[in-house]
Amino acid sequence: MSNVRVRFAPSPTGGLHLGGVRTVLYNYLFARQNKGSFILRIEDTDQNRYVEGAEDYIYNALSWCGLEPDESPRHGGQYGPYRQSERKESYRRYAEKLVQEGHAYYAFDTPAELEQMRNELRTDENPNPQYDHRVRGKMRNSLSLSAKETEELLQKDTPHVIRIRMPEKDKVSFTDMIRGEVSFETGLVDDKVLLKADGMPTYHLAVVVDDHLMEISHAFRGEEWLPSAPVHILLWRYLFGEDKMPQWAHLPLILGPTGKLSKREAMKYGFPVFAMNWKDPATGELTEGFRERGFLPQAFVNLLAMLGWNDGSEQEIFTLQELVEKFNIDHVHKGGAKFDFEKAKWFNHEWIKKLPASHYLPEVKAQLQQRGLHVEEDGQLERIVTLVKERCSLLTDFYDNSYFFFRAPAEYDTAAVLPKWNAEKRNFFHEFLKETESITEWNSAFLENAFKQLAAVHGIKPGELQLPFRIMLVGGKFGPGVFDIADILGQKETAARIGSALIQFK
RNA sequence: GCCGCGUUCGUCUAAGGGUUAGGACACCACCCUUUCACGGUGGUGAUACGGGUUCGAAUCCCGUACGCGGUACCA
């Protein structure tokens, strides 16, 4: 193991969306590539947002994708605990240390007072007044109050938070692995809360403390975190030293068709956003997942990897192993990527074709049975799946492409047959029916040969007979090659279907 | 408003000073196939705009426009 340690730190709020999985993926690839560790840390410090079952969901989703963490609340590790709520005590210490050193301060403002401040300061020019160095002198905090007043308030257990004291005039900059040099004026950043009144840290404090304690070396996160980077950098500077700070990589956002990718928008356009189905235990609301939509995990991981990264070549289909080998942070794109469901389906289609049927036979079988088809034998199903997989983009497409193997047609597309139907053709099929009884070798090539020879005897072009044959077997103009269908159906079933069809064709 | 990040075919992207700006998805046409797909061949289609720098700019610099993100005791 190298000293490369990366982490994914989701808050258990339910579901795991595309952007989240891609962040995990890049973390994972980077860790594996450098023979380092991939850590799953749970950010459950916001009681209001914590959702029952959400943590299990994250494990299941990662496991489905094949992105198993090395360390986590469940996998254990030397740097535990891996849930923030279980690390509560340590955060206060660091916050107090910052106060003592003058980098942070106690703030006693009530929510109502904050609201009042914002209302008073709000103008058209400044729609979102911040609690910053220009404002903090007018608020109730240990900077504006005397030491004695502050002490009294603390003695009386007055609810308070700890805020970072952003320098009035300073410049913070860092080198992002993807974007290069990024810099901020500290005077324009507000005094973020570090420790909440309930004693829980905010993300800002927690991420810095935990990254330090867990010896994180590289940190990948979404671009939405870029604006708070100066706060984190300052915290590193004050607490542990900037030289110990992990290297940052802010990943481009994944966008929806008209803007930010949201559950709501995805639903509107009919595609999933979550890795797997998520049912909110509180509301009962079900959000569809890629897995249930019929995606293979290999395809899901592949398409996500390509959303913002490429290896510089024209290759698009990668196994996870290949991604580990070829992933390269320099090739991660800076701009946000719009998610295209059509292309996502193409990836899945490629993977369905690429993988042997055995890889997804159980899923397909379960789906067929769920929809009322009786699958008698796995061997036959495997032949069917192998035959029709190239026409399926999603695992759920297998039903439409194979149900006719399990069920004789209830109706026939007679409009496609009858206009050209005549006594000779009927005759042909009667004879073909008889001939099939004595066919010794029941396979596609042999059948086709017999069919064509007999057609020649009757002086009919085989093409003119193939469509009626198809309709006899499956009922309509669809499905794979007719002789392949007959092959799988077997002699008995094929004969039965021809027989029933001949009664119908008048 | 302020701050930050971004901008190559409709979409994902390649090209890191010199290419007829390449590929993939989607779309269209043809071929294959007397179903539909798969496959094959070809086609439509892009450097946001304006200034520089340079013999030469999609590429470097500045400005503008547009998009996105942030601006919570949420992450």
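Below, chain A is the first sequence line, B the second, and so on; all start at residue 1. Just so it is clear, the values below take in all heavy atoms, side chains as well, and ignore hydrogens, waters and symmetry mates. Since the model is a prediction, treat every value here as computed from it, not as a measurement.
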Item to check | Footprint string (nucleotides 5-10 of chain B, 5' to 3'): B base within contact, S backbone only, - free, heavy atoms under 4.0 Å | outcome: BS----

Next on the checklist: Tell me whether the rings of A:F432 and A:F469 are parallel (<30°), tilted (30 to 60°) or perpendicular (>60°).
Outcome noted: perpendicular

Checklist entry - Parallel, tilted or perpendicular: which fits the ring planes of A:H204 and A:H232, with parallel below 30° and perpendicular above 60°? => result tilted

Checklist entry - Do A:Y106 and A:E96 pass the side-chain hydrogen bond (donor to acceptor under 3.5 Å, both in side chains) test, and can you show the C-alpha distance, the side-chain angles, and the key distance before you say yes or no? => result CA-CA 9 Å; A:Y106 301 109; A:E96 296 283 0; 2.4 Å; yes

Checklist entry - Under the 3.5 angstrom rule, does the side chain of A:D109 hit a backbone N or O of A:R140 as a donor-acceptor pair? => result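 Looks like yes, one N/O pair under 3.5 Å.
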
Checklist entry - So, does A:S11 use its side chain to make a donor-acceptor pair with the main chain of A:D44 at under 3.5 Å? => result no

Checklist entry - If you take atom types as modelled and just measure distance, does the side chain of A:K343 reach the base of B:A26 with a donor-acceptor pair under 3.5 Å? => result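 Counting by modelled atom types and ignoring angles, no donor-acceptor contact under 3.5 Å is found here.
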
Next on the checklist: If you take the centroid of each ring, where Trp contributes its six-membered ring, are A:Y269 and A:F341 closer together than 6.0 Å?
Outcome noted: no

Next on the checklist: For A:F8 together with A:F220, are the ring centres under 6.0 Å from each other?
Outcome noted: no

Next on the checklist: Counting only heavy atoms and a strict 4.0 angstrom limit, can you tell me which residues of residues 402-418 of chain A come near RNA chain B?
Outcome noted: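 Hits under 4.0 Å, by residue number: none.
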
Measure the distance from [atom1] on [X] to [atom2] on [N] and round it to the nearest whole Å.
X      : N     : atom1 : atom2 : result
A:L261 : B:C12 : CG    : P     : 13 Å
A:R122 : B:C2  : CZ    : P     : 17 Å
A:R49  : B:C73 : CZ    : P     : 14 Å

Pairing partner of [N] (Watson-Crick or G-U wobble, both distances under 3.5 Å):
N     : result
B:U33 : none
B:C27 : B:G43
B:C68 : B:G4

Item to check | Span that lies between the C1' atom of B:C25 and that of B:G6, in whole angstrom | outcome: 23 Å

Item to check | Presence of salt bridge, A:D211 and A:R41, under 4.0 angstrom | outcome: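 Here A:R41 pairs with A:D211 in a salt bridge, since their nearest N and O are under 4.0 Å apart.
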
Item to check | OP1 or OP2 of B:G39 under 4.0 Å from side-chain N/O of A:K353 | outcome: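 Result: yes.
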
